[in-house]
Amino acid sequence: MENGEDASFEDVLAQALLAWYERHARTLPWRIAPKWRRAGVRPDPYRVWLSEVMLQQTTVKAVGDYFAAFTARWPDMMAFAAAPEEQVMAAWAGLGYYSRARNLVACARRVAEDYGGMMPRKADELAKLPGIGPYTSASIAAIAFDEPVPVVDGNVERVVSRLFAIDRPLPQAKSEIRETLRPLVPQDRPGEFAEAMMDLGATICSPKRPACALCPLNMMCRAHSEQREEAYPVKAPKRAKAKKFAGAFVALRDDGKILLSRRPPKGLLGGMSEVPTGPWQESPVTRMPAPPLSAPWRKITPQVSHIFTHIDLKVTIWQASLLPDTPAPEGFWWHDLENLKEAGLPTVMAKIAEAAVPGATKARAKG
DNA sequence: TATCCGTGGGC
DNA sequence: TGCCCAAGGAT
């Protein structure tokens with residue numbers, strides 16, 4: 001541009017987007033505002049990493065309180081690396097995709113040991129760390145360290161597939177989208193460009209009824225010119241959910257405690273605490289499964305229904321009262337009902353406890 | 001490459 | 001009500 005040549009399509013697009021971003025950037029707790037970024041201020045890589053992992057398949061609104069709680073409790077990478085895994089899992093309870101929490105701990109400890117607590121600066125190095133894949137490695141490298149790499153999340157997939165009317169369905173189109181985006185990334189402001197693309201997708205280029213009239217790229221958008229915005233991105237059809245059934249055991253000791261256990265480290269709700277359950281099966285539960293301890297079990301109503309990403313689960317609940325001196329079987333423990341929130345139960349388990357003991361999962365005043 | 005892995009909100 | 005969707009990663 002400076003030498004008088006016509007600006008390239010890539011430059012025009014990036015400049016239009018960045019100009020829009022300077023006016024319309026979302027204000028987020030882990031982000032540095034455009035005016036400060038341009039003054040050379042960079043976000044804290046620890047906060048960028050934590051936020052990016054929390055935001056995987058999770059809305060900004062859902063992340064809000066968790067990010068505040070995590071950063072208050074563990075203000076930097078070294079503090080987080082020293083946190084017991086169980087405490088992190090419990091603090092994560094309710095956010096979902098619990099392997100993220102386990103990988104977060106593993107990643108922090110790796111950074112502490114192998115990098116002296118300093119996050120590596122390059123995307124290809126970041127991608128070797130637990131819980132950091134193609135998206136997160138690129139986003140940390142671009143946003144925290146201004147490496148000019150294409151950052152492709154769900155927002156960017158939508159924006160790019162519309163801009164260029166990419167007909168190949170996702171997820172096969174991922175690499176095509178990344179390579180289409182690569183030459184658009186401005187070498188001097190890759191971090192803001194990544195944030196701007198995501199903000200555009202989140203606020204203007206929405207899945208339904210995009211606000212094309214407000215879009216800084218509308219004159220360059222092929223989907224818009226064809227009035228086929230909502231046809232993109234094309235997605236492969238998804239499979240039906242499996243139906244599953246399980247029995248659960250709410251053992252209540254007369255001194256106000258409930259019996260809990262811990263799920264296996266991997267798989268569904270891996271590593272999380274739980275209300276003891278029988279096997280998860282494909283046919284409705286007709287008979288009581290083997291209980292964790294001998295007691296006068298009584299089936300209670302109603303059932304609990306819970307929908308996971310790929311499983312539609314129905315839980316039948318048995319309940320029993322036990323004497324205060326009843327010991328917990330091996331691998332189980334008694335947890336104070338008054339402090340059930342601190343047990344870190346995933347949502348389906350909180351629902352089960354709530355069905356048996358209404359109010360149990362709310363913070364309750366003593367007495 | 002396809003499948004597994006949560007949750008809550010929008011329409 | 002049912003389906004879609006949200007800053008994906010691991011295997």
Side-chain angles (χ1 to χ4, degrees), chain A residues 26 28-31 43 47-67 89 92-104 106-107 126-144 150-159 168-175 177-178 191 193-203 205-210 230 233 235-242 244 263-272 274 280 305-313 344-351:
Chain A
R26 288 179 291 176
L28 299 168
W30 44 86
R31 182 181 276 185
R47 294 166 67 90
V48 173
W49 162 71
L50 182 61
S51 67
E52 291 297 348
V53 174
M54 285 186 167
L55 287 161
Q56 289 167 5
Q57 295 289 286
T58 307
T59 57
V60 169
K61 178 173 171 15
V63 163
D65 291 344
Y66 285 88
F67 182 80
M89 300 298 288
W92 193 273
L95 248 196
Y97 287 138
Y98 297 99
S99 65
R100 290 185 294 171
R102 178 175 302 269
N103 283 330
L104 217 45
C107 181
L126 286 160
K128 298 175 183 173
L129 295 168
I132 299 183
Y135 162 74
T136 306
S137 58
S139 66
I140 295 172
I143 293 170
V151 178
V152 182
D153 73 332
N155 289 305
V156 179
E157 286 173 353
R158 188 167 57 254
V159 171
R168 190 193 313 276
L170 287 168
Q172 294 95 319
K174 274 181 182 295
S175 62
I177 290 171
R178 184 178 297 103
F193 182 78
E195 293 176 320
M197 287 289 289
M198 292 191 277
D199 277 21
L200 188 71
T203 64
C205 195
S206 47
K208 303 295 181 187
R209 298 174 59 89
E230 290 192 17
K235 295 196 174 182
K238 46 189 69 171
R239 289 196 335 177
K241 288 190 199 314
K244 290 201 176 184
R263 294 182 59 79
K266 298 197 173 185
L268 191 67
L269 309 179
M272 299 299 288
E274 69 168 348
W280 297 25
S305 291
H306 189 77
I307 298 175
F308 298 98
T309 305
H310 58 296
I311 297 172
D312 183 346
L313 178 69
L345 292 175
T347 297
V348 63
M349 299 300 166
K351 279 189 192 175

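Hydrogens, waters and symmetry mates play no part in the numbers below; they use all other heavy atoms, side chains included. Keep in mind that what you see is a predicted model, and the values were worked out from it rather than measured. Chain identifiers are assigned alphabetically (A, B, ...) following the order of the sequence lines, protein sequences preceding nucleic acid strands; residue numbering begins at 1 within each chain.
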Quiz item: Taking for each residue the nucleotide of DNA chain B bearing the nearest heavy atom, is the 5' side occupied by A:L95 or by A:Q172?
Solution: A:Q172

Quiz item: With A:F67, which residues qualify under side chain to side chain contact (heavy atoms under 4.5 Å, CB included), at least two apart?
Solution: A:P29, A:W30, A:R47, A:L50, A:S51, A:M54, A:V63, A:T71

Quiz prompt | P-based separation of B:dG6 from C:dT11 [nearest Å] | solution = 14 Å

Quiz item: P atom, C:dA7 versus B:dC5: distance in rounded Å?
Solution: 23 Å

Practice problem: Sugar-phosphate means primed atoms, P, OP1 and OP2; the rest is base. With that split, encode nucleotides 6-11 of chain C 5' to 3' as B, S or - using protein heavy atoms under 4.0 Å. | Solution: BBBSSS

Quiz item: Considering residues at least two apart in sequence or located in another chain, which fulfil the side chain to side chain contact (heavy atoms under 4.5 Å, CB included) criterion with A:I311?
Solution: A:K244, A:L268, A:F308, A:L313

Quiz item: What integer distance in Å separates A:E230:CD from C:dC5:P?
Solution: 10 Å

Self-check item: A:K174: salt bridge (Lys or Arg N to Asp or Glu O under 4.0 Å) partners, not counting sequence neighbours
Solution: A:E157

Self-check item: Sugar-phosphate only, base, or nothing, as touched by A:L269 at under 4.0 Å among non-hydrogen atoms
Solution: sugar-phosphate

Practice problem: Quick one: list whatever passes side-chain hydrogen bond (donor to acceptor under 3.5 Å, both in side chains) with A:S206, sequence neighbours left out. | Solution: none

Quiz item: Which residues satisfy the side chain to side chain contact (heavy atoms under 4.5 Å, CB included) test with A:T59, sequence neighbours excluded?
Solution: A:K61, A:A62

Quiz item: Shortest non-hydrogen contact from A:I177 to A:V156?
Solution: CG2-O, 4.5 Å

Practice problem: For A:P233, check side chain to side chain contact (heavy atoms under 4.5 Å, CB included) against everything at least two apart and list the hits. | Solution: A:R158, A:S161, A:L170, A:K235

Quiz prompt | Outermost DNA chain B nucleotides near chain A [under 4.0 Å, heavy atoms] | solution = B:dT3 to B:dG8

Exercise. Please identify each residue that fulfils ring pair (Phe, Tyr, Trp, His ring centres under 6.0 Å) with A:Y66, with sequence neighbours left out.
Key: none

Exercise. Look at all strands and tell whether A:G270 reaches a base, only sugar-phosphate, or nothing, counting heavy atoms closer than 4.0 Å.
Key: nothing

Quiz item: Between A:E157 (CD) and C:dC5 (P), how many Å, whole number?
Solution: 12 Å

